[in-house]
Number of protein chains: 2
Amino acid sequence: MPALEIGQVDDRTPPATVRRRRGPRKGDLKEAAILEAAWRLLAEKPITSISIDELAAGAGISRSSFYFYFPSRDAVIGALARRTSEDLSMAVLAPLSSGRPPREVVQSVVRNLLDRWQTHGPLLRSMDALAERDADLRAFWHSITTDIVAAYAAAIDAERARGTAPAGPPQALDLAWALTNLYWRAGHQMSLGQDPGGGERLVETLAVVTMRAVYGDG
Amino acid sequence: MPALEIGQVDDRTPPATVRRRRGPRKGDLKEAAILEAAWRLLAEKPITSISIDELAAGAGISRSSFYFYFPSRDAVIGALARRTSEDLSMAVLAPLSSGRPPREVVQSVVRNLLDRWQTHGPLLRSMDALAERDADLRAFWHSITTDIVAAYAAAIDAERARGTAPAGPPQALDLAWALTNLYWRAGHQMSLGQDPGGGERLVETLAVVTMRAVYGDG
DNA sequence: GAGAAAACTCAACAACACGTTGAGAATGTT
DNA sequence: AACATTCTCAACGTGTTGTTGAGTTTTCTC
């Protein structure tokens with residue numbers, strides 16, 4: 001699956017904002033320009049301090065015109081978020097179905113996720129903040145993470161069935177949920193530069209914790 | 001340590017807002033009333049949708065008067081956060097120095113933390129959001145969590161010295177950091193009702209993960 | 001308890017961001 | 001060319017923010 005870049009027009013799926021426009025038209029460029037501007041601005045300041053004016057100016061249109069494309073600033077974040085969700089899912093699901101040895105799978109999952117946080121950090125953080133206010137986005141994102149957790153739990157259950165991992169409690173789902181949230185927060189903190197020792201050391205730590213949590217029987 | 005309740009006047013330390021007032025004066029009641037109003041409102045809606053007007057009205061003063069006490073809405077959250085930080089530190093530090101067996105210590109730490117998230121959830125979530133914008137609050141909170149992590153790491157190192165836990169890598173500090181962030185995110189999600197299966201089951205899951213992470217040698 | 005200082009109150013003002021409206025220009029379709 | 005759709009934006013109304021300056025009340029000091 002092509003990893004759709006930010007700013008590139010997404011013609012694979014109907015637009016997330018089912019609002020006014022229908023067919024593939026010219027002003028799609030402007031919509032993309034707004035998203036691109038949001039992406040750019042997000043890298044330098046938190047979402048709450050980006051005004052519609054800046055977004056519009058960044059896309060080369062007037063503030064009023066902005067509202068033709070998006071109903072609100074939050075909707076822009078929502079659109080970016082939906083666009084990133086696939087990428088994030090794949091970061092976890094691909095290694096899980098690779099058939100490689102457990103230790104490598106875990107390492108890949110963790111590495112991939114932290115990698116996404118490195119590049120999409122500002123967006124993911126904004127989304128986290130937005131999800132508290134926006135019920136739609138919260139539901140959407142909840143379903144994404146639920147899928148990821150379910151897949152992870154299935155992998156744990158498979159290991160348990162093979163006898164390589166001890167049976168619960170905790171249930172595989174609970175374990176998967178906890179680990180996924182561990183990765184999430186770790187990535188979040190890393191993207192803020194709040195982690196002790198960068199990159200590979202963090203991957204290693206998370207991988208060890210995961211291996212012990214799944215295969216240990218403390 | 002007396003667990004200072006919200007709305008109670010804090011005369012133990014100089015006011016966080018070193019702005020205008022000095023001695024212990026009458027209007028302290030109003031300041032407390034604002035904090036109490038913030039606390040109350042926070043329980044029903046996210047910080048971003050609470051207006052200064054509501055805060056002032058909740059405290060029985062005019063909007064302009066609000067600015068006599070706090071320079072901004074964020075400062076109110078900051079004040080509440082500082083007030084809660086001790087409580088949160090103690091939730092972790094007390095069990096660690098209790099001398100009880102490891103498994104019980106871990107369970108207490110986790111239980112205490114989740115308990116705080118249950119009662120202070122809306123505030124802690126607001127703080128998380130605020131910390132991204134406010135450098136002061138971020139630094140303050142970072143020092144709090146750093147202390148907690150350090151204490152946790154010291155406990156792990158003690159176990160390692162006793163030979164009951166395997167030596168690193170990962171370093172005890174990295175392990176403590178990861179576990180603390182796991183608890184944080186778990187509490188965060190729980191306070192949003194986004195966790196699978198409530199209370200005690202979550203405590204159990206986190207306790208198991210912790211025990212395996214510290215004592216396992218996967 | 002009189003007078004001064006400090007603490008406190010608030011209406012009015014200015015600045016800003018938001019979202020809407022309605023009139024028009026550009027683009028596409030027949 | 002005539003028509004419909006897409007796109008643009010100035011102008012407006014609204015709500016929230018933070019400041020100012022003039023007042024009232026409380027507290028302190030003698």
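Residue numbers start from 1 in every chain, and the chains themselves are labelled A, B, ... in the order their sequence lines are given, proteins ahead of strands. In what follows, every heavy atom counts, from backbone to side chain, and hydrogens, waters and symmetry copies are set aside.
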Pair B:H120 and B:W39, ring centroids less than 6.0 Å apart: yes

Between C1' of D:dT26 and CG of B:D28, the distance in whole Å: 13 Å

Nearest-Å distance for atom pair CZ/P, residues B:F70 and C:dA7: 16 Å

Just the atom pairs and distances: protein N or O near nucleotides 23-26 of chain C's N or O, under 3.5 Å.
none

Distance in angstrom units between A:I50 CD1 and C:dC16 C1', rounded: 17 Å

Side-chain donor/acceptor of A:S65 to backbone N/O of A:I61, under 3.5 Å: no

Gap between atoms CG and C1', on B:D74 and D:dT16 respectively (whole Å): 14 Å

Positive for side-chain contact (heavy atoms from CB on, under 4.5 Å) with A:I156, one of A:L173, A:D174, A:V214, A:T210: A:V214

Sole residue of B:R185, B:Q194, B:H188 in side chain to side chain donor-acceptor pair (under 3.5 Å) with A:N181: B:R185

Exam field: side chain B:S49 to backbone B:K45, donor-acceptor pair closer than 3.5 Å: no

Under 3.5 Å side-chain donor-acceptor pair for A:S108 and A:R100: yes

Length of the line joining A:R73:CZ and C:dA17:C1', which is rounded to integer Å: 9 Å

Residue-phosphate contact under 4.0 Å: A:K30 side-chain N/O, D:dT8 OP1/OP2: yes

Shortest non-hydrogen separation from B:A79 to B:F70 and the atoms involved: CB-CE2, 4.1 Å

Residue pair A:A178 / B:T205: nearest heavy atoms and the distance that separates them: CB-CG2, 4.2 Å

Whole-Å distance separating the OH atom of A:Y69 from the C1' atom of C:dG19: 18 Å

Of the listed nucleotides C:dC8, D:dT8, D:dG18, the one nearest the side chain of B:F68: C:dC8

Give me, pair by pair, the N or O atoms of the protein and of nucleotides 9-11 of chain D that are less than 3.5 Å apart, along with how far apart they are.
residue	atom	partner	partner atom	Å
D:dC9	OP2	A:S62	N	3.1
D:dC9	OP2	A:S65	OG	3.3
D:dA10	N7	A:S64	OG	3.0
D:dA10	N6	A:S64	OG	3.1

Euclidean distance, atom CZ of residue B:F66 to atom P of D:dT16 [Å, nearest integer]: 14 Å

No-hydrogen, no-angle side-chain donor-acceptor test under 3.5 Å, B:R116 and B:T84: no

Rounded distance in Å - OH (B:Y67) to P (D:dT19): 8 Å

